[in-house]
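Predicted model, so just to flag it, every value in this text is computed and none were measured.
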Amino acid sequence: MTAYVNQVKAYLDRYQAEVGGDGLFDPHHVAEWAYKNGLHKPSVRTVIDAIAADISQVWREEYRTSESGQRYRAKHAVRSKNGSRTMSLWADIDDERAPREHFVRSFSQRRQQIVGDCFQLKTDVDVYNAKDPLQKSIQIPLDFTYDVEELQLPFKGKKAA
């Protein structure tokens, strides 16, 4: 673990000891508490990273509607390594200058994120189910074919206006 990760874990331990509470944690409350108590003084890099995260979030949440009425995400990111640093480059789906390869990589990366999320969900459910074998097991189907088809039904056979 990095020194920073250990520092953040120490914030949480101290926060728990001093503030108590119900066992639920809001990262913003912990961050505000750590900042006010002088436990964390953000560097210029930290401030720039926070602003960049806000910009990415705005781009991530930008949706448009196609001529056929489908709501689609406008901006798409590709994560890549630049030395030891991970970076994201964004492109607008409607920008004709944006290379097709960017979107191929972006869609592939998003699919891998979904696979990873499904793997983790399956693991979490399996661990939960194993805790009390006398309870009926929670079943989580991971085949989304029919779910996606159902969501597409309103757009089947629609033509552009």
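- One hydrophobic cluster, built from ILVMFWY side chains closer than 4.5 Å, cannot hold both Leu151 and Tyr63; they sit in different ones.
- For the atom pair SG (Cys118) and CZ (Phe144), the distance works out to 4.0 Å, reported to the nearest 0.5 Å.
- Scanning for side-chain contact (heavy atoms from CB on, under 4.5 Å) contacts around Asp126 gives Lys122, with sequence neighbours left out.
- Around atom CD of Glu18, more than 12 heavy atoms belonging to other residues, nucleotides or ligands sit under 6.0 Å away.
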- Query: Where do Glu149 and Tyr146 land on the side chain to side chain contact (heavy atoms under 4.5 Å, CB included) test, with the steps shown first?
  - Reply: CA-CA 5 Å; Glu149 286 178 1; Tyr146 295 125; 3.7 Å; yes
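- Rounding to the nearest 0.5 Å gives a distance of 12.5 Å between CD of Glu150 and OG1 of Thr145.
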- Task: Take Lys75 and Trp90, measure what side chain to side chain contact (heavy atoms under 4.5 Å, CB included) needs, and give me the verdict at the end.
- Result: CA-CA 6 Å; Lys75 306 275 195 299; Trp90 290 80; 3.7 Å; yes
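- By the 4.5 Å heavy-atom criterion applied to side chains, Gln57 and Asp54 are not counted as neighbours.
- The two atoms that bring Tyr72 and Ser66 nearest to each other are CE2-N, 3.6 Å, heavy atoms only.
- Using a 4.5 Å heavy-atom threshold, the side chains of Asn129 and Lys131 count as separate.
- The environment of CZ in Phe103 is crowded: more than 12 heavy-atom neighbours from other residues, nucleotides or ligands sit within 6.0 Å.
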- Stepwise side chain to side chain contact (heavy atoms under 4.5 Å, CB included) check, Gln120 with Thr123: CA-CA 5 Å; Gln120 191 61 59; Thr123 301; 4.1 Å; yes
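- Results of the side-chain contact (heavy atoms from CB on, under 4.5 Å) test with Arg73 over Arg110, Glu62, Glu61, Arg64 single out Arg110 as the only residue that passes.
- Here Phe107 pairs with His76 under the ring-ring contact (aromatic ring centres under 6.0 Å, His included) rule; sequence neighbours left out.
- Nearest heavy atom pair, residue Asp143 against residue Asp147, reads O-OD1, 3.6 Å.
- Applying the side chain to side chain donor-acceptor pair (under 3.5 Å) criterion to Lys9, with sequence neighbours excluded, gives no partner residue.
- For the atom pair Lys81 NZ and Met87 CE, the distance stands at 12.5 Å (nearest 0.5 Å).
- Looking at every heavy atom in both residues, Ala91 comes nearest to Ala98 through CB-CB, 3.8 Å.
- For Arg79, the side-chain contact (heavy atoms from CB on, under 4.5 Å) partners two or more places apart in sequence, or in a different chain, are Thr86, Ser88, Gln109.
- Across Lys41 and Gly38, no two heavy atoms sit closer than the pair NZ-O, 3.5 Å.
- In this structure, Arg105 does not pair ionically with Glu101, as no charged nitrogen and carboxylate oxygen lie closer than 4.0 Å.
- In this structure, CG in Asp49 is found 10.0 Å from OG in Ser56, a value given to the nearest 0.5 Å.
- Within the hydrophobic cluster formed by Ile, Leu, Val, Met, Phe, Trp and Tyr side chains joined at under 4.5 Å, directly or through other members, Val8 is accompanied by Tyr4, Tyr11, Leu12, Tyr15, Val19, Phe25, Val30, Trp33, Leu39.
- Applying the side-chain contact (heavy atoms from CB on, under 4.5 Å) criterion to Val44, with sequence neighbours excluded, gives Ile48.
- Side chain of Thr65 to main chain of Gln70: no donor-acceptor pair is present (N/O by atom type, distance under 3.5 Å, no hydrogens or angles).
- In terms of heavy-atom proximity, His102 sits nearest to Leu89 at CE1-O, 3.0 Å.
- The shortest side-chain heavy-atom distance between Thr2 and Val5 falls under the 4.5 Å cut-off.
- Side-chain atoms of Tyr128 and Ser137, non-hydrogen and from C-beta on, never get closer than 4.5 Å to each other.
- With rounding to the nearest 0.5 Å, the separation of CD1 in Ile114 from CZ in Arg111 is 8.0 Å.
- The shortest non-hydrogen separation linking Val125 to Ile138 is CG1-O, 3.3 Å.
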